[in-house]
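Here's the structure, in structure tokens; my notes come after.
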Amino acid sequence: MARTGPQTAEATAWSEALREYRPSLEDLRADTLVDVVRRCQELADQDQTVDFMLMISRIQLVIHTQSAQASLKLSVREVHNQLCMENKPALRTFHEWIQQGSRFATLAAGGTVYLLMMIANRGMRATIGNLEARTARAVGNLLRCPDAGTLIPRLVRRHIMPVVQKWKESVPLTLAALFTPSVLSEVGVPREALCSDIAISDKFFSNIKQGDFVLLDRSSIWTSESAPSVPVPALTAGPIMAPPVTLYTTYDPQRLQNKRTRTRQDADREEVWEWTEEERTIAGGAYKVQNITELETKLSSFYKEGVRSELDYLLITPEVLPYIRDALKIEAIDASLLAFVCTSMPADMRESLYAMFLSCMDNPDCLKDVDSSSQGFEDHFQALHFSYYNRHCTRGDNAPTDVAPEYLRREGAIRTNRSQLIPYRSKDTTDKEAIYQNFVVVFEEVFAWIDSILARYLPEEYTILEAEIEVLPGNSRSPVHPFGGFVVNLNVTTRAHRDGKDLSVCFVMPLGKFQGGELVLVEPGLVLRLRSGDFVVFPSKKVTHFNMHYKGKRASLVLQTDNELTVWTKDRNGWTAHISSV
């Protein structure tokens, strides 16, 4: 209750600002979908501009508050008390603004004002503003002086500096356009100084008192000679210029030998591991095809009555795919997908992939340098599941329609699980939210590239997957469209298994620095050697699979969709009467 007054004052100020700046009702009327989309785009652009201005304003607030403190010997509270204005923000809010301004100043000290433009453009203002001081300082130091012994310089050079350079060229600014002459004069910065001048920028932001260790001296990576001088090139779908090579086989998914897994249904984990080790030995002797023509010839007679021989495997390497057409599609006798292999990730994206992956994790040493063949069946790999699930949901069949589901309880049950009435996010998405959000942001362009490849070359599978995530609760969007979620496997060596809870197909992409780790598709008899950044799409619920042993540091990114989402799509888990606009 103590904050009611200030909060009410701020709410009043906000409502007055809204009335002053909101478009007229006439402006908001739109006759067509195109009109609405255009309006959304215009406001989104304005939103980015406002975010940038807000960050600069927070920095200005820090500077002016510190100036008042220094000249009048006042505390922050006393500076706030001396503010003579209507609708004065609460002291708590004033402190929060100064804290946020300090974070923005630290990031600008690392990557210039243009880094703040990049932050605004990516919608990350709130996230950056709420960073811990030591985290902001660590980021500032990484930007100014990347450790030459790590992958960070590559990330800075390939992903930060080109964007900063792009903004420099697009929006040439002087510091006088952002800060008052008196502030610049106090620091000894000329009014005509450009924000892009690294030395001037460092001099200006180093004068903002942070009450923290000063940032490291800037390395030569930021000098004009080494900085990229061209805007960021637009990502394309890679070098694929024609439809993928499509090979047709006589493999029959309906044959009993192919429908059932080759491991015993009642086998325990140790027995499955032993069977997998035996099968790894067989797969290790796979025949390595030399080119696409030989692969086509081998596949034409590889299956006898739709089934492969127990001891036959074919090894397919990236070198098999012809130049330009860096994608391979293998179909079963019924024209269903056996495997789609793509090796066409853009070179700049592939080179940065490993560093991007490590930057998303909370522990930079999460990947261990191992020889997986020395590990036994008791060694487990870590898996992080960031997906939408519809498993074990409480159905609403015959539930009263005049009572909200939140107030219903299952008859005769001790408790009712109301968190699983509708599709829900996996536990890791909440427990490891920071890692999840890191992947959503850092891998955005990778996920978009994957989406474009799948839409272009696997339209039937794409449509099936897309249909299930188009109706997620709250019109939620999956970051890995058209899949419902993704799994991050660390130090992964899988035993033979099928993913019975997957919908239709899954996507697998290895990442890291490793040798080996080939993906083995047991029933089709295919051994797929994938480099970091290559990927395969295959029917994971119908084909037994595992990966070969590897040496080095290896992770994998798996995109999948929970098969139970089909139930939600079909009848909304029996809650149709309670769902709006079904």
Side-chain angles (χ1 to χ4, degrees), residues 237 240 243-249 251-255 258-259 261 327-342 385-391 393 422-426 446-487 497-509 519 521 523-524 526 528 535-545 556-574 576 579 582:
I240 295 181
V245 175
T246 301
L247 301 182
Y248 307 95
T249 73
Y251 176 83
D252 188 354
Q254 300 306 315
R255 290 298 302 269
N258 295 330
K259 292 180 70 173
T261 180
L328 170 67
K329 185 178 182 181
I330 302 176
E331 293 186 352
I333 195 171
D334 60 358
S336 63
L337 180 69
L338 264 187
F340 174 79
V341 182
C342 180
H385 296 259
F386 302 121
S387 302
Y388 275 100
Y389 290 140
N390 195 46
R391 302 170 189 174
C393 279
I422 61 179
Y424 55 93
R425 289 191 180 275
S426 56
V446 176
F447 293 151
W449 174 77
I450 293 169
D451 187 287
S452 68
I453 293 292
L454 300 183
R456 186 180 308 177
Y457 298 115
L458 296 177
E460 293 183 12
E461 291 78 6
Y462 187 95
T463 300
I464 292 172
L465 293 167
E466 185 178 50
E468 305 307 323
I469 63 168
E470 288 286 294
V471 292
L472 290 175
N475 297 323
S476 298
R477 171 189 172 273
S478 169
V480 290
H481 185 280
F483 289 94
F486 62 98
V487 180
H497 68 287
R498 291 185 179 184
D499 297 298
K501 296 180 181 180
D502 282 358
L503 171 67
S504 65
V505 297
C506 85
F507 166 108
V508 177
M509 174 190 288
L519 177 66
L521 306 183
E523 289 77 21
L526 304 177
L528 307 175
F535 73 79
V536 59
V537 177
F538 69 102
S540 51
K541 67 183 299 181
K542 296 181 179 180
V543 173
T544 306
H545 53 284
S556 66
L557 182 66
V558 178
L559 312 188
Q560 48 77 236
T561 300
D562 180 20
N563 187 62
E564 289 299 307
L565 284 176
T566 59
V567 178
W568 173 256
T569 303
K570 180 182 178 181
D571 68 357
R572 303 300 191 273
N573 295 346
T576 303
I579 303 296
V582 175

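Sequential numbering from 1 along the given sequence is applied to the chain's residues.
Side chains of T246 and E331: no donor on one and acceptor on the other come within 3.5 Å.
Side-chain contact check for P482 versus D451: some heavy-atom pair is nearer than 4.5 Å. In this structure, C393 and Y424 have side chains that are in contact, with non-hydrogen atoms separated by less than 4.5 Å. At least one side-chain heavy atom of P253 sits less than 4.5 Å from a side-chain heavy atom of S336. Looking at S476 and Y388, their side chains come closer than 4.5 Å, going by heavy atoms from C-beta outward. K259 places a side-chain heavy atom less than 4.5 Å from the side chain of Q254. Within the 4.5 Å cutoff, no side-chain heavy atoms of K501 are placed close to those of Y389.
In this structure T569 satisfies the side-chain contact (heavy atoms from CB on, under 4.5 Å) test together with E468, V471, sequence neighbours excluded. By the side-chain hydrogen bond (donor to acceptor under 3.5 Å, both in side chains) test, R391 pairs with D562, sequence neighbours left out. Take L337 and apply the side-chain contact (heavy atoms from CB on, under 4.5 Å) test, not counting sequence neighbours, and it matches K329, F340, L458, E461, V505, V537. Not counting sequence neighbours, N258 has no partner by the side-chain hydrogen bond (donor to acceptor under 3.5 Å, both in side chains) test. Considering only residues two or more places apart in sequence or on other chains, S504 meets the side-chain contact (heavy atoms from CB on, under 4.5 Å) condition with I464, L465. Take F538 and apply the ring-ring contact (aromatic ring centres under 6.0 Å, His included) test, not counting sequence neighbours, and it matches H545.
Closest approach of F483 to T561, counting heavy atoms only: CA-OG1, 3.4 Å. Heavy atoms only, all atoms of each residue included: D502 and S540 are closest at OD2-OG, 2.8 Å. Scanning all heavy atoms of the two residues, the minimum distance from S478 to G485 falls at OG-N, 4.1 Å.
Within 6.0 Å of atom CD in E470, more than 12 heavy atoms from other residues, nucleotides or ligands are found, so the atom counts as buried in its surroundings. The local environment of CG in N475 is sparse, with at most 12 non-hydrogen atoms from other residues, nucleotides or ligands closer than 6.0 Å.
Between the side chain of E466 and the backbone N or O of H481, no donor-acceptor pair lies under 3.5 Å. For the pair T576 (side chain) and D571 (backbone), a donor-acceptor distance under 3.5 Å is present.
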Give the intermediate values and the outcome of side chain to side chain contact (heavy atoms under 4.5 Å, CB included) for residues K541 and N563. CA-CA 10 Å; K541 67 183 299 181; N563 187 62; 3.6 Å; yes
Let's go through L565 and L503 carefully: what are the C-alpha distance in whole Å and the side-chain angles of both, what is the deciding distance for side chain to side chain contact (heavy atoms under 4.5 Å, CB included) to 0.1 Å, and is it a yes or a no? CA-CA 8 Å; L565 284 176; L503 171 67; over 6 Å; no
Go through the steps for V567 and N390 under the test side chain to side chain contact (heavy atoms under 4.5 Å, CB included), then give the verdict. CA-CA 8 Å; V567 178; N390 195 46; 4.0 Å; yes
Step-by-step side chain to side chain contact (heavy atoms under 4.5 Å, CB included) determination, W568 to L472: CA-CA 8 Å; W568 173 256; L472 290 175; 5.6 Å; no
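Between F386 and F486, the ring planes lie tilted relative to each other; the angle falls in the 30° to 60° range.
Each of L454, L559, V508 was scored for a side chain to side chain contact (heavy atoms under 4.5 Å, CB included) with F535, with one residue passing: L454. Looking at I450, V536, V480 one by one, the single match for side chain to side chain contact (heavy atoms under 4.5 Å, CB included) with F507 turns out to be I450.
In this structure, E523 CD and T261 OG1 are separated by 6.0 Å, a value rounded to the nearest 0.5 Å.
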